[in-house]
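These notes concern the structure reproduced below.
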Amino acid sequence: MGLFLQVLTVLVITVSLQGWVPRGCLEEERIALLHLKDSLNYPNGTSLPSWRIAHANCCDWEGIECNSSTGRVTVLYLWSARNRELGDWYLNVSLFLPFQQLNYLSLSDNRIAGWVEKKGGYELQKLSNLEYLYLEDNSFNNSILSFVEGLPSLKSLYLGYNRLEGSIDLKG
Ligand SMILES: *[C@@H]1O[C@H](CO)[C@@H](O)[C@H](O)[C@H]1NC(C)=O
Ligand SMILES: *[C@@H]1O[C@H](CO)[C@@H](O)[C@H](O)[C@H]1NC(C)=O
Ligand SMILES: *[C@@H]1O[C@H](CO)[C@@H](O)[C@H](O)[C@H]1NC(C)=O
Ligand SMILES: *[C@@H]1O[C@H](CO)[C@@H](O)[C@H](O)[C@H]1NC(C)=O
């Protein structure tokens with residue numbers, strides 16, 4: 001009986017501990033992060049060494065935080081992540097669309113000169129949880145403004161040290 005109780009206790013503890021273990025990242029988001037890494041490092045950069053397919057839990061990779069119940073990426077912190085000698089970077093907006101729960105995105109100081117998106121645009125509507133966007137210290141011009149207007153939940157936008165000119169009129 002004593003042994004049975006001990007085994008039962010161990011089982012109960014194991015089960016309840018598993019309930020607390022945060023979920024690892026989702027396969028589709030891990031693959032999307034690796035595509036993002038390839039774009040950031042194109043053609044021969046060396047950034048984000050912890051972002052490796054062999055290291056399966058992408059929530060543990062540098063610059064990433066996940067929601068512990070869904071396992072989805074909520075924070076992408078890529079401040080100054082890119083090797084400067086790679087020159088200008090054109091962001092491919094599609095690379096960010098898999099991150100449905102993304103709330104915080106920092107891309108400051110990465111020599112971003114602009115972006116490419118699918119014809120027709122409107123893709124940004126899908127980033128419906130993005131509230132904080134840090135784009136300081138890049139090479140954006142005024143056309144970034146019409147672009148970020150497509151983000152439905154944006155609360156804070158940081159655009160210092162770019163190439164914006166004239167007076168700025170943002171809706172909302
Ligand atoms: C990438 O290649 C270029 C040209 O060969 C070289 O100048 C540069 O240092 C390389 N960058 C890295 C991060 O290895
Ligand atoms: C995690 O995701 C769940 C489900 O979408 C949500 O209810 C919860 O508020 C999120 N937690 C945090 C800390 O964002
Ligand atoms: C942008 O990324 C998407 C998804 O990875 C890819 O299908 C598309 O070809 C890329 N577009 C450009 C212009 O690189
Ligand atoms: C501003 O940036 C956009 C997007 O990269 C580019 O298409 C456009 O040519 C730039 N405009 C000027 C005046 O440099």
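All values reported here derive from a predicted model rather than from experimental measurement. Positions are given from 1 along the sequence. Order of listing sets the numbers, starting from 1, for every ligand and every atom in it.
Residue-ligand proximity, Glu85 to ligand 1, at heavy-atom distances under 4.0 Å covers atoms 11 (N), 12 (C), 13 (C). For ligand 4, the atoms sitting less than 4.0 Å from at least one non-hydrogen atom of Gly114 are 5 (O), numbered in the order shown with element in parentheses. Shown in contact with Ser143 at under 4.0 Å from a heavy atom are these atoms of ligand 4, numbered in order with element: 1 (C), 2 (O), 3 (C), 4 (C).
Residues passing the salt bridge (charged side-chain N to carboxylate O under 4.0 Å, His left out) test with Arg52, sequence neighbours excluded: none.
Centroid-to-centroid, the aromatic rings of Trp79 and Tyr134 stay 6.0 Å apart or farther.
Within the 4.5 Å cutoff, the side chain of Tyr158 has no heavy atoms near those of the Leu133 side chain.
Cluster partners of Tyr90: none. The rule joins Ile, Leu, Val, Met, Phe, Trp and Tyr whenever side-chain heavy atoms lie under 4.5 Å apart, and it links nothing here.
In this structure, Arg82 does not pair ionically with Asp109, as no charged nitrogen and carboxylate oxygen lie closer than 4.0 Å.
Protein residues having at least one heavy atom under 4.0 Å from any atom of ligand 3 are Asn92, Ser94, Leu95, listed by chain and number.
Aromatic ring pairs are classed by plane angle as parallel below 30°, tilted from 30° to 60° and perpendicular above 60°; the pair Tyr104 and Tyr77 is tilted.
For residues 32-45, the set of pairs meeting the side-chain hydrogen bond (donor to acceptor under 3.5 Å, both in side chains) definition, not counting sequence neighbours, comprises Ser39-Trp89.
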